[in-house]
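To keep things clear, I will list the structure first and then write my remarks on it.
Please read these numbers as outputs of a predicted model, since none were measured by experiment. Protein chains get the first letters and strands the later ones, always in sequence-line order, with residue 1 at the start of each.
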Protein chains: 2
Amino acid sequence: MDITQERTEDRNLPFDVFARACPSRGTLEHVTGRWGGLTLGALHEGSLRFNELRRRVDGVSEKMLSQTLHALERDGLVHREAQPTNPPRVDYELTPLGREVAERLLSLIHCVEGRMDDVLAARERYDGMRGTF
Amino acid sequence: MDITQERTEDRNLPFDVFARACPSRGTLEHVTGRWGGLTLGALHEGSLRFNELRRRVDGVSEKMLSQTLHALERDGLVHREAQPTNPPRVDYELTPLGREVAERLLSLIHCVEGRMDDVLAARERYDGMRGTF
DNA sequence: CCGTATCCGCCTTGATACTG
DNA sequence: CAGTATCAAGGCGGATACGG
């Protein structure tokens, strides 16, 4: 019932991410978490319905997507627009704040994707070290 | 013995982060994981030794820091420099690739930190909705 | 000082079933 | 379609002890 379990970290103390009790650490984890980032990334391309999102983010379960969306909505990054029709239609889209965050996140994602061959090469070097030496 | 448990995701397929089997998803998780991001952030300020890092990143255990560093080193984001002295001294620092990634990550972190009051306000609104009526 | 090895509890996750 | 409820399983992460 409590959306996403907040623990000890969420008290109001100075905003130093490195400190255990920093409130922004929680939000950061929602954003960078396993599904949060991919969800924001998907929504950056435009408004999406629940099951569209589910199909787009490969591997996410209904439950996790639901939890993720609630957390992001609560943090003010995602806006939920429900139409009381039948069948129901619910659209999710980024808020202005969400767009800002998503853009920086995508910059990171693209950076990693673009340098992926470097990463793969580094891995082979690393693994080679331990195998032969 | 296998550093950081790689699962099904790590095959060589097209680099579409949204796909379950995308190799960059793994690296992205190392970078944005609970401790990966904070570790990169700390190292962005300069080279650090193991225990300096451990003190800097509040709440990380030896085991998790060790795992995190290995994953980042394997991905070519962090360089490990061991001096065979006694007592041993090991310095960790970002590689050029690591610096690039860390900068984008920090941009994200600072964005979230800077807008934290918006987030907190959004949360109060959200929680208020569910409390009353 | 710099880690690795082992144990173990708990939370996250995923599957399934169900509701509006 | 758009979710919530429930439950079992296992991996993640912490604590501890030990090794180089």
Nearest whole angstrom, please: distance from the [atom2] of [N] to the [atom1] of [X].
| X | N | atom1 | atom2 | answer |
| --- | --- | --- | --- | --- |
| Glu62(A) | dT16(C) | CD | P | 12 Å |
| Lys63(A) | dA17(C) | NZ | P | 15 Å |
| Asn86(A) | dC1(D) | CG | P | 12 Å |
| Gln67(B) | dT6(C) | CD | P | 14 Å |
| Leu65(B) | dT4(C) | CG | C1' | 13 Å |
| Asn51(A) | dG3(D) | CG | C1' | 9 Å |
| His30(B) | dC12(D) | NE2 | P | 10 Å |
| Arg20(A) | dG13(D) | CZ | C1' | 13 Å |

Counting heavy atoms from C-beta on, name the nucleotide in dG14(D), dT13(C), dG20(D) closest to the side chain of Trp35(B).
dG14(D)

Of all the nucleotides listed (dT4(D), dC1(C), dG14(C)), which has the minimum atom distance to the side chain of Met64(A)?
dG14(C)

Is the phosphate of [N], meaning OP1 or OP2, less than 4.0 Å from a side-chain N or O of [X]?
| X | N | result |
| --- | --- | --- |
| Arg89(B) | dG20(D) | no |
| His70(B) | dT4(C) | yes |
| Ser61(B) | dA15(D) | no |
| Arg49(A) | dC1(D) | no |
| Arg34(A) | dG14(C) | yes |
| Tyr92(A) | dC1(D) | no |

Determine whether Leu94(A) and His44(A) make a side-chain contact, defined as any pair of heavy atoms from C-beta on separated by less than 4.5 Å.
yes

Gln83(A) vs Val90(A) side-chain heavy atoms within contact, under 4.5 Å:
no

Check every strand shown and say whether Arg54(A) touches a base, only sugar-phosphate, or nothing at a heavy-atom separation below 4.0 Å.
nothing

Given 3.5 Å as the limit, does a donor-acceptor pair link the side chain of Thr95(B) with the main chain of Gly76(B), or not?
yes

For Arg55(B) and Ser66(B), take the nucleotide of DNA chain C holding the closest heavy atom to each; which residue's nucleotide lies nearer the 5' end?
Arg55(B)

Neighbour count above 12 (heavy atom, 6.0 Å) for Glu124(A) CD
no

Nearest heavy-atom contact between Thr68(A) and Trp35(A) is OG1-CB, 3.6 Å

Starting at the 5' end of DNA chain D and moving along, which residue's nearest nucleotide shows up first, Glu52(A) or Gly59(B)?
Glu52(A)

